[in-house]
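As structure tokens, the structure follows; a few thoughts come after it.
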Amino acid sequence: MFDLRCIKCNAYYPPEERIYTCPKCGGLLEVVLEIDKITVTKKELDSRWMGVWKYREFMPVSETARIITLTEGGTPLHVVSNLREDFRVKELYVKNEGANPTGSFKDRGMTLGVTKALELGASAVACASTGNTSASLAAFAAVARLSCIVLLPTGKTAMGKLSQAILHGAKVIAIEGNFDDALELVRQACDEMNIYLLNSVNPWRLEGQKSLGFEIVDQLNWDVPDRIIVPVGNCGNSSAIWKGLKEFHAHGFIDKMPKITGIQAEGAAPVVHAYRDGLDDVIPVENPETIATAIRIGAPVSAPKTLQAVRESGGVMEAVSDEEILAAQRLLAKREGIGIEPASASTIAGLKKLLESGEIDRDERVVCVATGHALKDPEIIIKSSPAPITCEADIEKLKKVVAQLL
Ligand code: AN7
């Protein structure tokens, strides 16, 4: 029903093989589904609950798999009219992935990834993470009763994410280095210690993340938006959305494709550079730096997939500054009541920048993917905002203070 294929040398491998990259050439793997064998109809889908497993036929696990789920997916697609007016764009939506069980889009991949870990007989799972991946893996591994090891860059993981990993019982190891160092280490440790790796280089995880693209077009009544804007870190999400929509297209569910548009933070923008220089892969950025710690990544593993998706779809890559990110985070929060973390706000900042430069047409229908919840990183909000006004516990003094604020 499905196989693994190397996107570089086109070698095929059976799904039982516990590999993450091509044993022959080291290329990235992707799962190949037999789309022509899928018979599910839109009408049939309409009768099902929202969520990742609504699209069961596109999720490559065996019929008898024990599915580990926290009821992920089915997140709101907000019509953001205030922001649409501010930006003077025809249609604007925010896909709020902060509404997932652990507060980020990673849950979509982990339901598939941890289900696959059990199928393959793993007893321990691991990942390196800027934070959200570890929070999500910790929760799903807990349900599956798997040992869970997570490697985090010391001092650079947002408090909300770190506390979730601890809460759900992961064994947390703070690596004295950045995310790229941690990923290199965990890949080697997994290979040598028979632990199942659940970073997004794992092709099965991306199969769950495809559902983000599925849901966007489903929620728009199968009317494909002109553009989907995604924050880009390790390049898993952007490439998964593209893969999913290509499958929907091949199956006949949609008849056109959106432009995939990827946004990075200026201090961690290797994919933007590769895009501009016409390269097929990135030249790693040595010391990536941004307040959007989720995407503080210098050597993204799946970059070739994202570069291909952006180019094939006629999209674009853009970088935004930390100031622009924080301003966009505040704008969405204040105009629409939606709190998202800085990495997610990069999409709003990117949209603004690309509208101003004329790269995005004001006549477009645009979806920004807000990948994680604001409470993932409360510290950055406090740090970048004025301190609360203090007042003695006295009604006359309070009235004076309040009068000044009205
Ligand atoms: C909120 O958790 O890489 O391009 O280790 O947490 O698929 O990597 C997080 C990435 C965007 C980038 N938004 O997505 C991790 C990690 C948020 C994120 C991204 C991440 P990819």
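Because the structure is predicted, anything quoted here is derived from the model rather than measured. Counting convention: from 1, in listed order, for ligands and their atoms alike. These values consider heavy atoms only, across backbone and side chains, with no hydrogens, waters or symmetry-generated copies. We number each residue from 1, following the sequence as shown.
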ask   = With no hydrogens and no angle check, is any side-chain donor or acceptor of Lys161 less than 3.5 Å from a backbone partner on Ser134?
value =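 Checking the backbone N and O of Ser134 against the side chain of Lys161, no donor-acceptor pair under 3.5 Å is found.
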
inquiry  = Taking Ile260's backbone N and O only, do any of them form a donor-acceptor pair with Ser313's side chain (distance below 3.5 Å, no angle check)?
reply    =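 Here the side-chain-to-backbone pair exists.
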
request  = With sequence neighbours left out, write down each residue that passes salt bridge (Lys or Arg N to Asp or Glu O under 4.0 Å) with Asp322, or none if nothing qualifies.
outcome  =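 With sequence neighbours excluded, Asp322 shows a salt bridge (Lys or Arg N to Asp or Glu O under 4.0 Å) to no residue whatsoever.
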
Just list the N/O pairs, ligand 1 to protein, that are under 3.5 Å apart, with the distance for each.
| unit_1 | atom_1 | unit_2 | atom_2 | d |
| --- | --- | --- | --- | --- |
| ligand 1 | 2 (O) | Ser129 | OG | 3.1 |
| ligand 1 | 2 (O) | Thr130 | OG1 | 3.4 |
| ligand 1 | 2 (O) | Asn132 | N | 3.2 |
| ligand 1 | 2 (O) | Thr133 | N | 2.8 |
| ligand 1 | 2 (O) | Thr133 | OG1 | 2.8 |
| ligand 1 | 4 (O) | Gly233 | N | 2.8 |
| ligand 1 | 4 (O) | Asn234 | N | 3.2 |
| ligand 1 | 4 (O) | Cys235 | N | 2.8 |
| ligand 1 | 5 (O) | Ser129 | OG | 3.0 |
| ligand 1 | 5 (O) | Thr130 | N | 2.8 |
| ligand 1 | 5 (O) | Thr130 | OG1 | 3.4 |
| ligand 1 | 5 (O) | Thr133 | OG1 | 3.2 |
| ligand 1 | 6 (O) | Asn132 | ND2 | 2.7 |
| ligand 1 | 7 (O) | Gly236 | N | 3.1 |
| ligand 1 | 7 (O) | Asn237 | N | 2.8 |
| ligand 1 | 8 (O) | Asn234 | N | 2.7 |
| ligand 1 | 13 (N) | Thr371 | OG1 | 2.7 |

For residues 366-375, run the donor-acceptor check on the side chains, cut-off 3.5 Å, and write out each pair with its distance to 0.1 Å, sequence neighbours left out.
| unit_1 | atom_1 | unit_2 | atom_2 | d |
| --- | --- | --- | --- | --- |
| Thr371 | OG1 | Ser344 | OG | 2.8 |
| His373 | ND1 | Leu375 | N | 3.0 |

key: Donor-acceptor side-chain pairing of Trp49 and Thr71 below 3.5 angstrom   =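 Their side chains do not contain a donor-acceptor pair, so the 3.5 Å distance test is not met.
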
Could you pull out all donor-acceptor pairs under 3.5 Å where a side-chain atom in residues 271-280 meets a protein atom, sequence neighbours excluded?
| unit_1 | atom_1 | unit_2 | atom_2 | d |
| --- | --- | --- | --- | --- |
| His273 | ND1 | Ala269 | O | 3.4 |
| Tyr275 | OH | Gly315 | O | 3.4 |
| Arg276 | NH2 | Glu318 | OE1 | 2.8 |

